[in-house]
Amino acid sequence: MIEYTLLCIVALAAAYFFDHLLETRVGRRRAFLYALAMALLTQLVVDNLTAWRGFWNFNMYMTLGVGIPVIPLENLLFGTALFYASVISWELSSRNPANVFK
Amino acid sequence: MSMFWEYSLYMLAVVFGTVLVNLAFRLKPLRKIRLLISSILPVSLVFILWDVLAVYRGHWSFNMGHMLGIVVINQPLEEVVFFFAVPFYYITIWELSKKFSGGKK
């Protein structure tokens, strides 16, 4: 079963939902696309290098089976979800006047 | 050839490189370190939980030959560090991107 794929879709949908619910709306900004492109480019290089070096093994039965070129497509979706969640959390913390950590 | 320090070296490189970028462009994340930690922490906990679940369900596995051998639940220590180092990198490139796109919508 493509569990990894499904989890990625749920995570991305949740990030999109929270981006709108919390009114951070980072996904709509041009800077988001530039930063995401940079994040994905870095991930492509580093993850393919580490996968080639044998840091981890992916169970292709849990994915769609699409490799880019070595890592599964889902790994990029995982990275996108982590990026999206990090940026939302950062913007939310930054704008909150009651945040004691500011 | 497996080198047990390899993954930790990658993590050190990510943190070191990200700190350098922050210093070079005088970015907010390093200047507001408590804010940075408070925003990274909830994201890290959720994604570590995902990773624990993924390893348990067999989505992926780690080759401990490239790692220090310290295990937290079913995660190598380096993987736990990953979920703090990488969001720091992501927030940094987000701030950098905002700076160079002139805050355009």
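Computation of the quantities below employed the complete heavy-atom set of this structure, encompassing side-chain atoms and omitting hydrogens, waters and symmetry-equivalent molecules. Numbers restart at 1 for each chain; the letters A, B, ... are given by sequence-line order, proteins then strands. Quick caveat, the model's predicted, so the values are computed rather than measured.
Interface remark: B:Met64 contributes no atoms to any contact with chain A (heavy atom separation under 4.5 Å). For A:Leu33, no part sits under 4.5 Å from any heavy atom of chain B, backbone or side chain. For chain A, no part of B:Val14 is nearby; none of its heavy atoms comes within less than 4.5 Å. For chain A, the nearby part of B:Pro42 is the side chain; its heavy atoms alone come within less than 4.5 Å. With a 4.5 angstrom heavy-atom cutoff, B:Phe88 does not touch chain A via any of its atoms.
Each of B:Ser61, B:Pro29, B:Gly58 has some count of heavy-atom pairs under 4.5 Å with chain A, and the biggest count is that of B:Ser61. In terms of non-hydrogen atom pairs under 4.5 Å with chain B, the most contact-rich of A:Tyr34, A:Tyr4, A:Phe32 is A:Tyr4.
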Self-check item: Check against side chain to side chain contact (heavy atoms under 4.5 Å, CB included), A:Leu36 and A:Tyr84
Solution: CA-CA 8 Å; A:Leu36 179 62; A:Tyr84 204 173; over 6 Å; no
Practice problem: Any chance you could lay out the side chain to side chain contact (heavy atoms under 4.5 Å, CB included) test for A:Phe83 and A:Leu40, step after step, and finish with the verdict? | Solution: CA-CA 9 Å; A:Phe83 172 80; A:Leu40 289 178; over 6 Å; no
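Between B:Lys98 and A:Glu91 there is a salt bridge, since a side-chain N of the basic residue sits under 4.0 Å from a carboxylate O of the acidic one.
When each of B:Trp60, B:Phe62, B:Phe82, B:Tyr10 is tested with A:Phe55 by the rule ring pair (Phe, Tyr, Trp, His ring centres under 6.0 Å), just one qualifies, namely B:Tyr10.
Atom CG of B:Leu35 and atom CD1 of B:Ile91 lie 8.5 Å apart (nearest 0.5 Å).
Partners of B:Glu78 according to the salt bridge (charged side-chain N to carboxylate O under 4.0 Å, His left out) rule, which considers only residues two or more places apart in sequence or in another chain, do not exist here.
Minimum interatomic distance between A:Ser89 and B:Ser39 (heavy atoms only, all atoms of both residues): OG-O, 2.6 Å.
Scanning residues 56-75 of chain A against chain B with a 4.5 Å heavy-atom cutoff picks out A:Trp56, A:Asn57, A:Phe58, A:Asn59, A:Met62, ordered by number.
Applying the 6.0 Å contact sphere to CZ of B:Phe84 captures more than 12 heavy atoms from other residues, nucleotides or ligands.
Using a distance-only test at 3.5 Å, with no hydrogens or angles considered, no donor-acceptor pair links the side chain of A:Asp19 to the main chain of A:Ala15.
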